Structures are given as C-alpha cells and as structure tokens.
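We count residues from 1, following the sequence as given. What you are looking at is a predicted structure, and each value in this text was computed from that prediction instead of being measured.
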Amino acid sequence: MFAWGANSHAQLGFGYATEQCDKPQPLPIDGVPFRAEEIKCVVAGGGHTLIGTTDGRLYACGWNNRGQLGVGHLDDCIHFQPVGEYGFQQLYAGWDVSAGVNAFGELFVWGSNGWQQIAESGVKNVPKPMRLTLPEGGQVLRVTFGLQYMAVLLESGKVWVLGKCKFLSKDYPLEPATKLTIRCVSDRGSVRDVASGDNHLILRVGDRRINCLGDNKHGQCLEEYMLPEDIVKLESGWTHSGCLTANGAIYLWGRNNYGQLGRPGSNCSAVPQKLRLETNDMIAKDVRLGSQHGVALGKDGRVHCWGWNEHGNCGTGGTENVWVPTAIDLPLPVSKVICGAGFTMAFT
C-alpha cells in the first residue's frame with residue numbers, strides 16, 4: 001500500500017500530518033489494521049480516506065470536521081480507525097461527506113449536511129453512517145457528490161439529487177412527499193452510470209451515449225455525445241470529465257489549465273479526446289480523477305499520473321504540474337488506485 005500528495009489532515013494513513021509527500025511512500029505495516037489483500041473497496045475525499053474490507057468492516061482516517069469519517073465525533077484521525085461492520089460493497093466520498101452501499105443495495109450516508117445533501121434540514125452533521133431511504137425503492141447502483149449535492153443512481157435508471165443543485169432547480173421540481181431536499185432526473189432515458197464535478201452531472205445512457213447537466217464554462221458538460229466505444233466507467237474532477245472504455249482507452253474533456261486532460265496547453269476541450277499513455281498498445285484497467293489531477297492504472301499494473309501537482313499528488317518527486325501522463329516509480333505491480341482532492345493511493 002503506497003500513498004502520496006497532500007497529507008495535511010493525515011489522510012494518507014502514515015500516522016502524521018504534512019502538507020505534501022511528493023513521492024510514493026509505503027503505509028506502515030504496524031499502523032494499519034488490515035492487509036492489502038483484505039481490501040474490498042476504497043475511496044478518497046477532500047481530505048479523508050475510507051477502506052472497506054472483505055469481512056465487512058469499515059476503516060477511516062484523515063479530515064473529520066463534519067463527521068465524514070463516521071466514527072461518531074468530529075476530531076481528525078491520524079491513523080486508520082475502525083468505524084463498524086456495515087458490509088459495504090462500494091464506498092463514495094465528496095469534499096466532506098461520505099456514503100456506502102451494502103450487498104442489498106442499501107444506502108448509508110455520513111458527514112456534512114450543510115446543504116441537505118444527505119439528510120433533512122435541521123441536521124448539520126451526520127457523525128455515524130445512517131441509512132437513507134429515498135422516495136423510490138430499489139437498489140442503489142452508484143453515488144456521486146458535487147460541491148453542494150449528492151446524486152444517487154437507482155437500478156430503475158433514475159437519478160435522485162439531494163441538496164443544493166442550482167442547475168436542476170428550474171426544470172426538476174422538488175419531490176413534495178418527503179422532508180428531503182430532493183429532485184428526480186427521469187427524462188434522460190435509463191441512466192446506467194453517473195459522475196459529478198463540483199457543479200455538473202455526467203450521465204451514461206446505454207453503452208456509448210454521454211449526456212450532461214450543469215455548468216459548462218470549461219467544456220466539461222457535454223450536451224450529448226456518442227463515443228465510438230462502449231463505456232464502462234465515468235469519472236469527473238472539479239471542472240473536467242472523463243471515461244474508461246471497454247477497449248481500455250481513456251477519454252477526457254473540460255478544463256486543462258493544470259494539465260488535467262493529460263496534454264500540453266491550457267486550452268479547454270469540449271470534445272472527448274483520447275489520453276495518450278506511453279505506448280499506443282498500453283491498455284488501461286482503471287482511471288481515477290482527483291479535483292484537478294488524474295491517475296491511470298494499466299492492465300500490466302503500472303501507474304501513470306498527470307495534472308495539478310501542488311502537493312506532490314502526481315508522485316513525480318516535485319511539485320510542478322505534470323502535463324502528460326508520467327509513469328510512477330513503484331516497486332510492485334498495482335491492482336487498485338484512488339484519487340482524493342489532492343492525493344493519490346495505490347494498492348499492490
């Protein structure tokens with residue numbers, strides 16, 4: 001297990017806080033209450049990290065000012081702390097908020113509720129995982145967080161959006177039969193995947209069609225676009241967007257002032273462009289986007305990073321922005337990668 005980047009809230013799990021860690025460092029074996037092979041799911045937020053293990057336990061470390069670690073208090077945790085046994089199959093994190101979905105498709109939420117993004121009004125923080133029931137039944141397939149809202153994709157193909165979401169307020173009325181600040185997006189066809197930037201939603205309809213809602217100042221919000229390959233995953237940074245295809249290609253679009261799109265030049269792109277890795281035959285297994293940087297995991301276990309690098313979150317040994325995908329020096333092949341707002345983790 002390796003981590004690098006911002007560690008100002010001890011979110012890297014090293015047991016101490018520092019503003020930057022510009023090269024991958026191994027997590028201390030004696031300070032981590034689980035082994036890499038026991039990890040079922042892992043996610044990173046603004047300054048916190050969550051790990052769910054195969055035996056159903058949840059662990060958390062880092063920033064906790066809104067209860068986003070789920071440990072029942074609001075103090076930061078410099079080591080991974082046990083949260084409880086929830087059996088989460090998937091974990092999700094926003095800036096200061098978290099969510100988990102168990103094997104039954106049930107949704108649990110915790111952290112900031114400043115904009116009613118995870119609970120009804122009058123609740124400022126949710127310090128422990130709380131079951132959230134939506135107006136419509138059915139299993140939860142995916143959760144994603146914007147700056148002031150949470151979007152939940154159900155097996156029905158509908159997307160429920162909780163919290164303050166200005167770009168939906170005109171065309172999507174609030175659901176009247178609930179105390180939640182919640183709207184339903186049900187007019188875009190059967191949505192199969194969803195991701196969110198700070199103020200835009202990306203929807204996948206069918207296998208190849210991308211449809212977006214929200215802010216498009218930097219070209220991050222496609223009105224409608226058909227990719228030439230089947231899409232298996234959507235991703236988003238704050239103001240740029242991306243996807244991974246079944247053929248192992250990564251497409252990126254939106255803002256590029258820090259190299260978020262993995263190519264030189266500060267021009268935005270309103271058209272998805274294929275990310276060029278070291279060789280044309282290199283196949284990507286996964287892609288993760290932080291706030292303004294990205295990481296690609298190859299099927300061969302190699303890791304490449306690019307973009308904003310102020311905290312060393314690209315792992316290149318410095319803090320200059322990284323304009324093209326750059327291979328990271330790791331001693332072993334990697335099986336999982338995650339991005340927080342300004343940090344990165346890799347699991348061998």
Side-chain angles (χ1 to χ4, degrees), residues 45-46 92-97 112 114-115 117 142-151 153 159 161-172 181 183 185 187-188 191 193-205 209-227 231 233-244 250-275 287-295 305-311 313-314 321-325 339-342:
Y92 305 94
W95 180 253
D96 53 7
V97 63
S112 174
W115 307 99
Q117 65 267 52
R142 184 165 169 81
V143 178
T144 187
F145 290 99
L147 190 62
Q148 299 171 334
Y149 60 83
M150 172 177 68
L153 172 63
V159 179
V161 182
L162 293 84
K164 185 177 181 181
C165 191
K166 291 182 178 180
F167 61 82
L168 293 182
S169 60
K170 180 180 178 181
D171 299 320
Y172 299 91
T181 304
R183 294 174 166 85
V185 177
D187 62 342
R188 302 282 165 151
V191 178
D193 197 4
V194 61
S196 180
D198 64 350
N199 200 33
H200 74 286
L201 276 175
I202 314 160
L203 311 174
R204 174 169 68 90
V205 182
R209 184 155 62 95
I210 295 174
N211 197 295
C212 300
L213 294 162
D215 180 26
N216 194 35
K217 182 178 179 181
H218 305 288
Q220 70 268 38
C221 190
L222 304 172
E223 183 175 349
E224 186 165 332
Y225 193 89
M226 187 73 73
L227 231 64
I231 301 167
K233 183 184 183 184
L234 295 177
E235 276 287 304
S236 184
W238 282 350
T239 51
H240 70 298
S241 309
C243 66
L244 174 69
I250 297 169
Y251 289 84
L252 299 170
W253 62 97
R255 199 173 191 183
N256 196 47
N257 57 325
Y258 296 113
Q260 297 97 309
L261 304 186
R263 54 188 178 84
S266 59
N267 293 336
C268 302
S269 174
V271 178
Q273 298 193 20
K274 188 179 290 189
L275 180 71
V287 60
R288 298 290 183 112
L289 299 182
S291 60
Q292 297 174 114
H293 80 290
V295 56
C305 289
W306 65 92
W308 176 62
N309 195 32
E310 182 177 342
H311 300 284
N313 38 295
C314 287
N321 296 330
V322 180
W323 292 92
V324 297
C339 278

| query | For Ile210 and Ile202, what are the C-alpha separation, side-chain angles and deciding distance, and is it a side-chain contact (heavy atoms from CB on, under 4.5 Å)? | reply | CA-CA 7 Å; Ile210 295 174; Ile202 314 160; 3.8 Å; yes
| request: Evaluate the criterion side-chain contact (heavy atoms from CB on, under 4.5 Å) for residue pair Arg288 and Lys233; output intermediate values, then yes/no. | output: CA-CA 10 Å; Arg288 298 290 183 112; Lys233 183 184 183 184; 3.0 Å; yes
| said: So does Ala151 get a backbone contact from the side chain of Thr144, meaning a donor-acceptor N/O pair under 3.5 Å? | reply: no
| request: State, to 0.1 Å, how close Cys221 and Cys212 come at their nearest heavy-atom pair, and which atoms those are. | output: SG-CB, 3.2 Å
| field | CG on Leu275 to SG on Cys243, rounded to 0.5 Å | value | 11.0 Å
| remark: In terms of heavy-atom contacts, Trp253 and Tyr251 come closest through CZ3-O, 3.8 Å
| said: In the structure I gave you, are the side-chain heavy atoms of Arg209 and Arg204 within less than 4.5 Å of one another anywhere? | reply: no
| query | Hey, mind stepping through Ser241 and His200 against side chain to side chain donor-acceptor pair (under 3.5 Å) and telling me if it holds? | reply | CA-CA 9 Å; Ser241 309; His200 74 286; 2.9 Å; yes
| field | Test item: Gln260 side-chain N/O and Gln292 main-chain N/O as donor-acceptor pair under 3.5 Å | value | no
| said: Working note: Tyr258 + Asn309, criterion side chain to side chain donor-acceptor pair (under 3.5 Å); need CA distance, chi angles, decisive distance, verdict. | reply: CA-CA 8 Å; Tyr258 296 113; Asn309 195 32; over 6 Å; no
| request: Write down the atom of Gln220, the atom of Thr239, and the distance for their closest heavy-atom approach. | output: CB-O, 3.4 Å
| task | Looking only at non-hydrogen atoms, find the nearest pair between Leu222 and Pro272 and report the distance. | result | CD1-CG, 3.7 Å
| Quick one: does Ser266's side chain have a donor or acceptor within less than 3.5 Å of a partner on Asn257's backbone? | no
| query | Looking only at atom types and distance, does a side-chain atom of Trp323 sit under 3.5 Å from a main-chain N or O of Gly259, one as donor and one as acceptor? | reply | no
| For Phe145, what residues pass the ring pair (Phe, Tyr, Trp, His ring centres under 6.0 Å) criterion, not counting sequence neighbours? | none
| query | Do you know which two heavy atoms are closest between Gln148 and Gln117, and how far apart they sit? | reply | O-CB, 3.9 Å
| task | State whether the side chain of Arg255 and the backbone N or O of His240 hold a donor-acceptor pair below 3.5 Å, judged by distance alone. | result | no
| Where do Ser196 and Leu201 come nearest, in terms of heavy atoms and distance? | CB-CD2, 3.8 Å
| Going from SG on Cys268 to NZ on Lys217, what distance comes out if it is rounded to the nearest 0.5 angstrom? | 9.5 Å
| query | How about Leu252 and Trp306: do any of their side-chain heavy atoms sit closer than 4.5 Å? | reply | yes
| message | Can you confirm whether the side chains of Glu310 and Asn313 place a donor and an acceptor under 3.5 Å from each other? | response | no
| field | Partner set under salt bridge (charged side-chain N to carboxylate O under 4.0 Å, His left out) for Lys166, not counting sequence neighbours | value | none
| query | With no hydrogens and no angle check, is any side-chain donor or acceptor of Lys164 less than 3.5 Å from a backbone partner on Tyr149? | reply | no
| said: Just to verify, what does Arg142 make a salt bridge (charged side-chain N to carboxylate O under 4.0 Å, His left out) with, not counting sequence neighbours? | reply: Asp193
| task | Assess whether side-chain contact (heavy atoms from CB on, under 4.5 Å) is satisfied between Leu168 and Leu213, documenting all intermediate values. | result | CA-CA 8 Å; Leu168 293 182; Leu213 294 162; 3.9 Å; yes
| Going from CG on Asn199 to CZ on Phe167, what distance comes out if it is rounded to the nearest 0.5 angstrom? | 5.5 Å
| query | Are any side-chain N or O atoms of Asn256 and backbone N or O atoms of Leu261, one a donor and one an acceptor, separated by less than 3.5 Å? | reply | yes
| task | Check step by step if side-chain contact (heavy atoms from CB on, under 4.5 Å) holds for Val322 and Trp308. | result | CA-CA 7 Å; Val322 180; Trp308 176 62; over 6 Å; no
| query | What distance separates Ser291 OG from Trp95 CH2, expressed to the nearest 0.5 Å? | reply | 7.0 Å
| request: With rounding to the nearest 0.5 Å, note down the distance linking OG1 in Thr181 to CE in Met150. | output: 11.5 Å
